[in-house]
Amino acid sequence: MEIEPGRDFIRDMIGADLAAGRHQRVVTRFPPEPNGYLHIGHAKSICLNFGVAAEFGGRCHLRFDDTNPTKEEQEYIDAIKRDVQWLGFDWGEHLYHASDYFAQLYAWAEGLIGAGRAYVDDQSQEEMRANRGTLTEPGRNSAFRDRAPAENLDLFRRMRAGEFANGARVLRAKIDMAAGNFNLRDPVIYRILHAAHPRTGSDWCIYPSYDFAHGQSDAIEGITHSLCTLEFADHRPLYDWFLDNLPVPSRPRQYEFARLNLTSTVLSKRVLTELVRHGHVSGWDDPRMPTLAGLRRRGVPAAALREFVRRIGVARADNLVDVAMFEHVIRDLLNKSALRRMAVLRPLKVVLTNYPAGQGEELEALDHPEGKDGPKRSVRFGREIFIERDDFMEVPAKKFYRLAPGREVRLRYAYLITCREVVKDKAGDVVELRCTYDPATRGGNAPDGRKVQGTIHWVGAADAIAAEVRIYHPLFTSAEPAGGENFAADLNPVSLEILNHCRLEPALANAPMGDPVQFERQGYFCRDLDSSADGLVFNRTVGLRDTWAKVAAGGR
RNA sequence: UGGGGGAUAGUUCAACGGUAGAACAGCGGACUCUGACUCCGUUAAUCUAGGUUCGAAUCCUAGUCCCCCAGCCA
């Protein structure tokens, strides 16, 4: 699919910067913290950063913001790389880590101390909090704020040498305890963390804070436009303060945009982590998860993510995008590309009483309805077939034009059949239909030109293959899930629906893993990696638009 | 109410002093061997009040409402 770049305030501004000669080329970066998997919200940032760089002939770096070894893991680093590539972006040679700059950041911290702009604070975490002030009251200076640079330097070096326990001291920038912006109330820039780092091992026991690492990393890499989400807008004055007070090699600028919110979806990494940890989902790649790994496994093409992100645009206003827009983009894409197959999810047996027993025949079916002369496959027809339970109503509702007693419908690519008899079990449930077929309608058209209202899908009982099909529903019930401490209250108890007795046409037996296929009249599906020799498993990526369901629901 | 940010159809985004427009959702219809797709039609918005201007969503003033910030997380 041809994706036209969007127009937004970020692109406008970068275009203006380039036109004014403020930069020769644009350099952006996508800076994930490896403490979880990437989700659809990250896709917005990835598409923005890599997209903008590509559109303006610049480059985009992938940089891991790995300044907190207590939360970060190699597994996440690997997963993030895989997901960014899958989304369709390439950082080339430009793979970096904030940890690559630990030595430089440390040297800059010593420089700040020497200049009297940073000090070692011995206050406990509680004392610091108590002295930070409130929204309306200024903070109070620490008793250690005016330590001499030499003493600060000595203490800082001893912090680095491992002489102190976690939390015993921190290094703080000396800015303004009375600032209205909390980020300027002497922010912590180094803390003691006796923890092994995925990349630097045990080289360090002090680690820079986000604020002390991010802007400087941008400067080291020559980033021109540092794009981040709105909640970092308050950090911009601090970002600039470090760049103003340190001998950095370049001068990046930070710009903020609104993060993505999606209806009935939680994009809080904290909550997603807990869903995984507490077993509410099978893992980060559970197809119900809004993670890129989950969406991929579910069958969502990377191009759909890109197109979705393009359509929602980029702005600074808070937003809550209807997940229906995302689903529309997925269908739009898959409609064009997915092969068509027939599959019966909730089978109802049909016996064609006038079809000779022990016989069968091959019928032709299109792989895609728009390719009338394109690829075809054959499907096996016979005396016994399965149809969808929902395609039969003993007492047809108004506007229901599928199968009912005495009624004639078309079996897709096969024959017109008429329901003659309904067989029930002792409980009164319909277990079988006895129908007759019209041999003159082979292929689906009546020579006398008579029309039927409904066309339904089917599979031949003789050669249908069994499969499990998984239907996914939102993980959360409310349109705007809380996402807070008690997110569990919002959890949808039936987010996973497993259909165990599905019957598929045999061509589906060797469907390649992950490739999209349309089960006609039902939706887009793909073979799941849980499939094994003794069991085929399919995921429903997204259902087809279902006007009948709407009519039926409205009629009640 | 200390600092920062934001308000345009139900939703998301345009309109950059000159006719408020698109997509999704909704509704109605056409077509159809997928109640899909496609096509056509249609409902529907500038937070409020003043001001500047021939002309304001856009500029000014005063309000209102919403979001973010008091981690040694990012």
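Computed over heavy atoms, backbone and side chain alike; hydrogens, waters and symmetry mates excluded. Treat the numbers as computed from the prediction; the structure is a model and nothing was measured. In the text below, chain A, chain B and the rest are named by the order of the sequence lines, each starting its count at 1.
In terms of position along RNA chain B, the nucleotide closest to A/Ile312 lies nearer the 5' end than the nucleotide closest to the other residue of the pair A/Ala168 and A/Ile312. Remark on RNA chain B: of its neighbouring residues A/Leu135 and A/Leu320, the 5'-side contact belongs to A/Leu135, judged by nearest-heavy-atom nucleotide.
B/rC67 and B/rA62 have their P atoms separated by 24 Å, with the value rounded to a whole Å. For the P atoms, the distance linking B/rA15 with B/rG6 amounts to 15 Å, nearest Å. When the P atom is used for both B/rG51 and B/rU58, the distance is 14 Å, rounded to whole Å.
Per the stacking criterion (ring centres < 5.5 Å, plane angle < 30°), A/Trp548 stacks onto the base of B/rG35.
A close approach under 4.0 Å does not occur between any side-chain nitrogen or oxygen of A/Lys451 and OP1 or OP2 of B/rU32. Contact annotation: A/His328 reaches the phosphate of B/rC24 (side-chain N/O to OP1 or OP2, under 4.0 Å). Of the side-chain N and O atoms in A/Arg316, one or more sit less than 4.0 angstrom from OP1 or OP2 of B/rG6. Close to B/rG71, at under 4.0 Å from its OP1 or OP2, lies a side-chain N or O of A/Arg132.
Taking both residues in full, the closest heavy atoms of A/Leu262 and A/Leu320 are given as C-CD1, 3.7 Å, listed atom of the first, atom of the second, then distance. Heavy atoms only, all atoms of each residue included: A/Pro32 and A/Leu62 are closest at CD-CD1, 3.9 Å. The two residues A/Arg503 and A/Phe386 have their closest heavy-atom pair at NH1-CE1, 3.6 Å.
As judged by a 4.0 angstrom heavy-atom cut-off over every strand, A/Glu126 is placed among residues making no nucleic acid contact. Across all strands shown, A/Lys269 has no heavy atoms under 4.0 Å from either base or sugar-phosphate atoms. Residue contacts for A/Thr70: at a heavy-atom cut-off of 4.0 Å it reaches no nucleic acid atom on any strand shown. Nucleic acid contact for A/Tyr401: base, since at least one base atom lies under 4.0 Å from a heavy atom of the residue. A/Arg331 comes within 4.0 angstrom of no nucleic acid atom, judged by non-hydrogen atoms across all strands. Across all strands, A/Phe400 comes closer than 4.0 Å to base atoms (heavy-atom distances). Contact annotation for A/Arg412: base contact, defined as any heavy-atom pair under 4.0 Å involving a base atom. In this structure, A/Arg545 reaches the sugar-phosphate backbone alone: every heavy-atom distance under 4.0 Å involves primed, P, OP1 or OP2 atoms, never a base. Within 4.0 Å (heavy atoms only), A/Arg185 reaches no atom of the nucleic acid at all.
A salt bridge links A/Arg63 to A/Glu221: one of the charged nitrogens lies within less than 4.0 Å of a carboxylate oxygen. We find that A/Arg310 and A/Glu307 are joined by a salt bridge, their nearest charged nitrogen and carboxylate oxygen being less than 4.0 Å apart.
Base orientation for B/rG71: syn, the chi torsion being within 90° of 0.
Within 3.5 Å, a donor on the side chain of A/Gln518 pairs with an acceptor on the base of B/rU34, or the reverse.
Annotation: A/Glu364, atom CD; neighbour count of heavy atoms from other residues, nucleotides and ligands within 6.0 Å does not exceed 12.
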